[in-house]
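Every heavy atom of this structure was used, including side-chain atoms; hydrogens, water molecules and symmetry mates were not. Everything numeric here is computed off the predicted structure, so don't read it as measured data.
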Amino acid sequence: MCSSQNKNDINSAMSSATAMQRLVNEHASGLVFAAEIAGIAQNGSDDDVAAAMERVSEYLAGELEDHFQHEEQTILGELLRSHPEYAALCIALGKEHGQMRFMLIETSGAGPRRDLALFAHLLKQHTLLENEGLFPVVEKLFTAEQLREIANFSP
């Protein structure tokens, strides 16, 4: 038989996984998108690169902006308030959000192929940092109420 504490631990783990599922799925899609964009930057024609730059702009304005707001409003701000020892991580991730938001508006000047490759690299590295550095912290430290806020967020 399971003890009451074991049941609570199992319920907490399931609640955490459910709360984070949307963000995890978006990260998986983002990694696929980053790999696709990186491939176009490396091997695509100039027309392919131009079309990919347009897709990135649409991705930034749509999916990625909603995703950033979700993380900033339900995770980063809350983590800073509740666990300030993670301030450096939250600030670094917030800066990366800003960098990606403005990357294609303020291009590097190195040309669209290089800008596309840079965006793909940043998206991949940022997503992996959140997967490996942020999400485990959230799953470990956030309360059931905080996890519900993540699960129920609407931009």
Could you state the interatomic distance from [atom1] ([X]) to [atom2] ([Y]), rounded to the nearest 0.5 Å?
X	Y	atom1	atom2	value
Q69	E71	CD	CD	11.0 Å
E96	F68	CD	CZ	9.0 Å
F135	F142	CZ	CZ	10.5 Å
E139	L147	CD	CG	8.0 Å
Y59	S29	OH	OG	7.0 Å
L79	Q146	CG	CD	8.5 Å

Where is the tightest heavy-atom contact between [X] and [Y], given as atom of each residue plus distance?
X	Y	value
A52	I40	CB-CG2, 3.8 Å
L64	L60	CD2-CD2, 3.4 Å
V137	G133	CG2-O, 3.3 Å
A120	A34	CB-O, 3.4 Å

Is there a continuous path of hydrophobic side-chain contacts, each under 4.5 Å between heavy atoms, that joins [X] to [Y]?
X	Y	value
L80	L23	no
L31	M100	no
F102	I91	no

Practice item. Would you mind telling me which of H97, K95, H27 makes a side chain to side chain donor-acceptor pair (under 3.5 Å) with H126? Key: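 Looking at H97, K95, H27, the match for H126 under the side chain to side chain donor-acceptor pair (under 3.5 Å) is H97.
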Point to revise | Qualifying residue, where the test is side chain to side chain contact (heavy atoms under 4.5 Å, CB included) with L116 and the options are R55, M53, Q42, H121 | key: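 Passing option: M53.
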Check your understanding: So does D46 have more than 12 non-hydrogen atoms from other groups sitting under 6.0 Å from CG?
Key ->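 No.
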[X] side chain to [Y] backbone, donor-acceptor under 3.5 Å:
X	Y	result
H70	I150	yes
N131	L128	no
E78	I75	no
R22	F153	yes
R113	G44	yes

Review point. Does L129 reach the side chain of L89, with side-chain heavy atoms less than 4.5 Å apart?
Key: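 In contact.
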**Study point:** Chi angles and distances behind the side-chain contact (heavy atoms from CB on, under 4.5 Å) call for L93, C90
**Key:** CA-CA 5 Å; L93 292 171; C90 293; 6.0 Å; no
Review point. Yes or no on side-chain contact (heavy atoms from CB on, under 4.5 Å) for Y86 and L134, after CA distance, side-chain angles and deciding distance?
Key: CA-CA 9 Å; Y86 291 98; L134 179 65; over 6 Å; no
